[in-house]
Asks: 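Take a look at the following structure, please.
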Amino acid sequence: RKRYIRTIKMDEGGTYKGETKSRTTGSVKRFIPHGHGTLATPDGYGYTGEWKGGVESGQGTRTFVGGDKVIGQFKLFLVGLSTSANSKWV
C-alpha cells in the first residue's frame, strides 16, 4: 500500500500531520493515520509517534491536557489504549 504525507482534520477537532494510508469505502477515499505522525487537539492533548490503522500504536509520546507526558510503547487492547510496563511519565 502507498503511504501519503498529509494533514488531516480529525472528527474530534484535532489535527493530524504525518504518514497516512488510504482506505476506500464505496467510492469514498479516506486517509487515516498510519506510520509516524503527530496529533494535536485544541484543548492541549497530543500524541507524537507511531500509528497503525488510525490508532496510536508503537513508540510515542502522549501529552495530556494538563501538560503531563507519557513516553513509551503504546498498544491497542480490546478495552482501549494502554501503555506497556516500560513506559515512563515525564
Side-chain angles (χ1 to χ4, degrees):
R1 289 189 177 220
K2 290 184 179 180
R3 287 200 184 162
Y4 305 87
I5 304 296
R6 295 215 180 266
T7 299
I8 303 171
K9 286 286 195 184
M10 306 298 275
D11 291 339
E12 58 278 345
T15 302
Y16 171 84
K17 293 181 183 180
E19 292 180 296
T20 64
K21 70 177 182 179
S22 63
R23 179 177 289 162
T24 303
T25 305
S27 62
V28 178
K29 187 179 210 178
R30 293 183 47 220
F31 292 91
I32 59 172
H34 192 82
H36 190 272
T38 298
L39 170 70
T41 64
D43 63 2
Y45 175 84
Y47 175 80
T48 297
E50 294 299 315
W51 294 77
K52 290 184 183 171
V55 178
E56 302 165 7
S57 183
Q59 184 65 36
T61 300
R62 187 180 289 168
T63 304
F64 295 93
V65 174
D68 291 334
K69 293 183 180 186
V70 175
I71 299 171
Q73 274 302 115
F74 293 84
K75 296 181 181 180
L76 177 66
F77 292 95
L78 293 177
V79 293
L81 290 173
S82 179
T83 57
S84 66
N86 64 353
S87 296
K88 63 179 182 174
W89 286 91
V90 292

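Both backbone and side-chain heavy atoms feed into the values below; hydrogens, waters and symmetry mates do not. Predicted, not measured: the structure shown is a model, and the values here were computed from it.
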Asks: Search all heavy atoms of Glu50 against all heavy atoms of Gly58 and return the closest pair with its distance.
Replies: CB-CA, 4.0 Å
Asks: Please enumerate all residues that pass side-chain hydrogen bond (donor to acceptor under 3.5 Å, both in side chains) together with Thr63, with sequence neighbours excluded.
Replies: none
Asks: Please check if any side-chain donor atom of Arg62 sits under 3.5 Å from a side-chain acceptor atom of Tyr45, or the reverse.
Replies: yes
Asks: Holding to ring-ring contact (aromatic ring centres under 6.0 Å, His included), I want the full list of residues that pass it with Tyr47, two or more places apart in sequence or in another chain.
Replies: Trp51, Phe74
Asks: Excluding sequence neighbours, so at least two apart, what forms side-chain contact (heavy atoms from CB on, under 4.5 Å) with Thr38?
Replies: Thr48
Asks: Can you find a heavy atom in the side chain of Leu39 that is under 4.5 Å from one in the side chain of Met10?
Replies: yes
Asks: Return yes if some donor-acceptor pair links the side-chain N/O of His34 with the main-chain N/O of Gly53 below 3.5 Å, else return no.
Replies: yes
Asks: Distance-only, no hydrogens or angles: does the Gln73 side chain make a donor-acceptor pair with backbone N or O of Gln59 under 3.5 Å?
Replies: yes
Asks: Is there a side-chain contact between Arg6 and Thr20 in this structure, where contact means two heavy atoms from C-beta onward sitting under 4.5 Å apart?
Replies: yes
Asks: Verify the cluster assignment for Val55 and Ile32: are they in a single hydrophobic cluster under the rule of side-chain heavy atoms below 4.5 Å apart?
Replies: no
Asks: Could you tell me the separation between the NZ atom of Lys21 and the CZ atom of Arg30, rounded to the nearest 0.5 Å?
Replies: 11.5 Å
Asks: Using side-chain hydrogen bond (donor to acceptor under 3.5 Å, both in side chains) as the criterion, list what pairs up with Thr7, not counting sequence neighbours.
Replies: none
